[in-house]
Amino acid sequence: MIVDRAFVDVHVDGVELEIEKVLILKVIERFSCSSAAMAAAPSHLILHPRFTFFTTTLHHQFTLFARTHHRSSSTETTHAGRPNSVSSPPHQALDYTHKIDVNPPKGTRDFPPEEMRLRNWLFNHFRQVSELFGFEEVDYPVLESEALYIRKAGEEIRDQLYCFEDKGNRRVALRPELTPSLARLVIQKGKSVPLPIKWFAIGQCWRYERMTRGRRREHYQWNMDIIGVPDVTGEAELISSIVAFFKRIGITAKDVGFKISSRKVLQEVLSLYSVSETSFARSCIIIDKMGKIPLEEIKKELELVELSIDAIEDLLQVLSMKSLTELEEKLGGAGEAVRELKQLFSLAEKFGYSEWIQFDASVVRGLAYYTGIVFEGFDREGKLRAICGGGRYDRLLSTFGGDDIPACGFGFGDAVIIELLKERQLLPEVPLEVENIVCSLDPDLQGAAATVATVLRGKGQCVDLVLENKPLKWVFKRAARINAQRLILVGRSEWEKGMVSVKILSTGEQHQVNLDDLQ
Ligand code: HAM
């Protein structure tokens with residue numbers, strides 16, 4: 001049993017279950033106090049979706065678990081009078097093992113129809129915005145070679161990798177992000193693709209994460225990347241596309257903002273202290289933990305990558321800066337960091353999204369490959385983790401043996417934005433909508449109804465064909481559920497004349513139409 005904040009991971013017969021600690025305690029308490037409660041289970045215990053499964057399928061095992069973890073309590077005494085009612089022998093518990101866990105693996109999601117409609121709504125916006133900006137869609141395999149993700153900078157993403165050996169003894173991994181796959185494909189395509197490349201992708205990524213609000217073990221990421229543009233016009237365009245997306249879904253600059261900095265800021269500070277490139281990348285990963293672990297820990301970790309005390313103090317002072325003027329005073333105006341940041345802020349004015357962005361030197365992002373501008377979308381109420389993140393990665397391709405091409409891009413997850421929309425009560429209702437419902441009024445006319453459905457579908461109309469002989473009351477109920485606009489009834493007398501009845505469901509108006517004229 002692993003105790004993790006308010007949750008407890010319980011391993012029973014190899015099944016891992018996450019249950020709220022407080023519920024475990026309540027159940028142990030209940031089981032300990034009264035064996036009758038056990039007999040009354042599961043209805044007494046349906047307190048949590050995972051728990052429902054737990055109580056209905058594994059309550060015998062749970063009893064054993066509860067007893068082992070509560071040996072010293074009154075459990076034995078309480079059950080002594082009716083031992084058989086609760087203390088099933090282990091072989092009896094195994095009788096239940098043919099039942100499967102109906103929940104998806106921890107940290108992953110099913111998408112039942114209503115969730116799928118919401119996901120499609122979100123992805124359609126991702127797709128439409130990308131296309132508005134002239135990007136082409138790509139995708140890569142979910143399973144990639146593990147080597148794609150092996151970087152030496154101590155990134156969290158490396159530890160979170162779902163990796164294994166396949167049946168051909170190859171080390172493979174479920175992709176935790178899309179950027180290495182993009183780099184691989186760009187190298188593979190070589191000079192056959194003219195620059196700049198502007199690609200977008202929406203793909204599922206896997207990270208064995210500690211789960212918090214909006215952070216899951218599987219998530220979808222919308223990525224937009226520009227390959228072959230060395231100038232910050234690339235980053236400015238990318239941020240503009242995210243702003244366009246936010247506006248479409250009703251999120252304003254009052255709700256979210258972008259914190260922007262550049263890895264070159266740190267590089268310019270550390271160049272005064274002769275820090276190697278590897279130590280620089282490691283330092284960025286450590287700095288990204290600021291706010292997540294105590295400052296003293298950060299300092300200790302920075303010392304371990306051989307940064308002097310002076311370098312660390314200097315770095316921390318710069319990282320606290322929130323204004324470009326202050327940064328310019330420190331670094332001077334001639335360096336690339338300040339020059340590029342100023343250019344980006346000036347472009348933001350021209351694009352019209354200045355109110356969305358702010359300079360914040362503490363933003364470095366947690367991936368080793370960023371080399372220049374970095375940015376993250378944040379919720380202004382500070383309740384959620386980063387909504388999106390990205391930056392420039394001009395040297396990623398050479399780490400894979402290709403020629404470097406300047407590149408920048410971002411990743412935008414599907415989970416945090418849904419949380420934000422919920423917070424702001426902007427989550428849309430995405431109802432099921434099937435334009436027509438077609439129903440035969442006689443079992444013998446099922447074939448005729450199929451013909452009608454085929455004719456309509458051929459004309460691009462969506463049709464729900466009633467496949468069984470159902471009473472009209474049932475058909476009307478179903479029509480309401482699928483939000484059908486028309487009910488097409490196939491009755492004997494009309495059909496003999498090659499006609500059907502069309503009922504407009506919003507008005508109740510009904511007329512007969514010749515099958516050939518049905519649109
Ligand atoms: P990242 O900052 O690791 O960057 O992730 C980008 C976004 O993906 C996050 O801001 C968040 O919205 C979402 N995300 C990441 N991990 C999770 C998770 N466990 N659960 C839910 N959402 C998550 C990258 O992945 C870079 N490859 C982005 C990029 C593209 N940079 C350049 N091009």
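Note that this is a predicted model, so its numbers are computed, not measured. Order of appearance sets the numbers: ligands from 1, and atoms from 1 within every ligand.
Protein heavy atom at the shortest distance from atom 5 (O) of ligand 1 is Gln221 NE2, 3.5 Å. When hydrogens are left out, the protein atom nearest atom 25 (O) of ligand 1 is Arg207 NH2, 3.0 Å; that is the closest non-hydrogen contact. The protein heavy-atom contact nearest to atom 4 (O) of ligand 1 is Leu367 CD1, 3.5 Å. In terms of protein heavy-atom proximity, atom 20 (N) of ligand 1 is closest to Arg216 N, 2.9 Å. Atom 28 (C) of ligand 1 has as its closest protein heavy atom Gly411 N, 3.3 Å.
The pair Arg263-Glu268 does not meet the salt-bridge criterion, since no charged nitrogen lies less than 4.0 angstrom from a carboxylate oxygen.
For the pair Phe245 and His125, the minimum side-chain heavy-atom distance is below 4.5 Å.
Residue Gly214 approaches ligand 1 through these ligand atoms, each under 4.0 Å from one of its heavy atoms: 20 (N), 21 (C), 22 (N). With ligand atoms numbered from 1 in the order given, ligand 1 contributes 10 (O), 28 (C) to contacts under 4.0 Å with heavy atoms of Gly389. The Asp225 neighbourhood of ligand 1 comprises atoms 30 (C), 32 (C), 33 (N), with distances under 4.0 Å to a heavy atom of that residue.
Taking the ring axis of Phe133 as reference, the NZ or CZ atom of Lys198 does not stay both within 45° of it and closer than 6.0 Å to the ring centre.
Proximity of Ile387 to ligand 1 is established by a heavy-atom distance of less than 4.0 Å. Within the structure, ligand 1 has Tyr369 among the residues with a heavy atom less than 4.0 angstrom away. At least one heavy atom of Asn223 sits closer than 4.0 Å to an atom of ligand 1.
In this structure, Gly234 and Ile226 approach most closely via the heavy-atom pair O-CD1, 3.7 Å.
To the nearest 0.5 angstrom, Asp231 atom CG is 8.0 Å from Glu340 atom CD.
Of the listed residues (Arg151, Arg175, Arg158), just one forms a salt bridge (charged side-chain N to carboxylate O under 4.0 Å, His left out) with Glu146, and that residue is Arg158.
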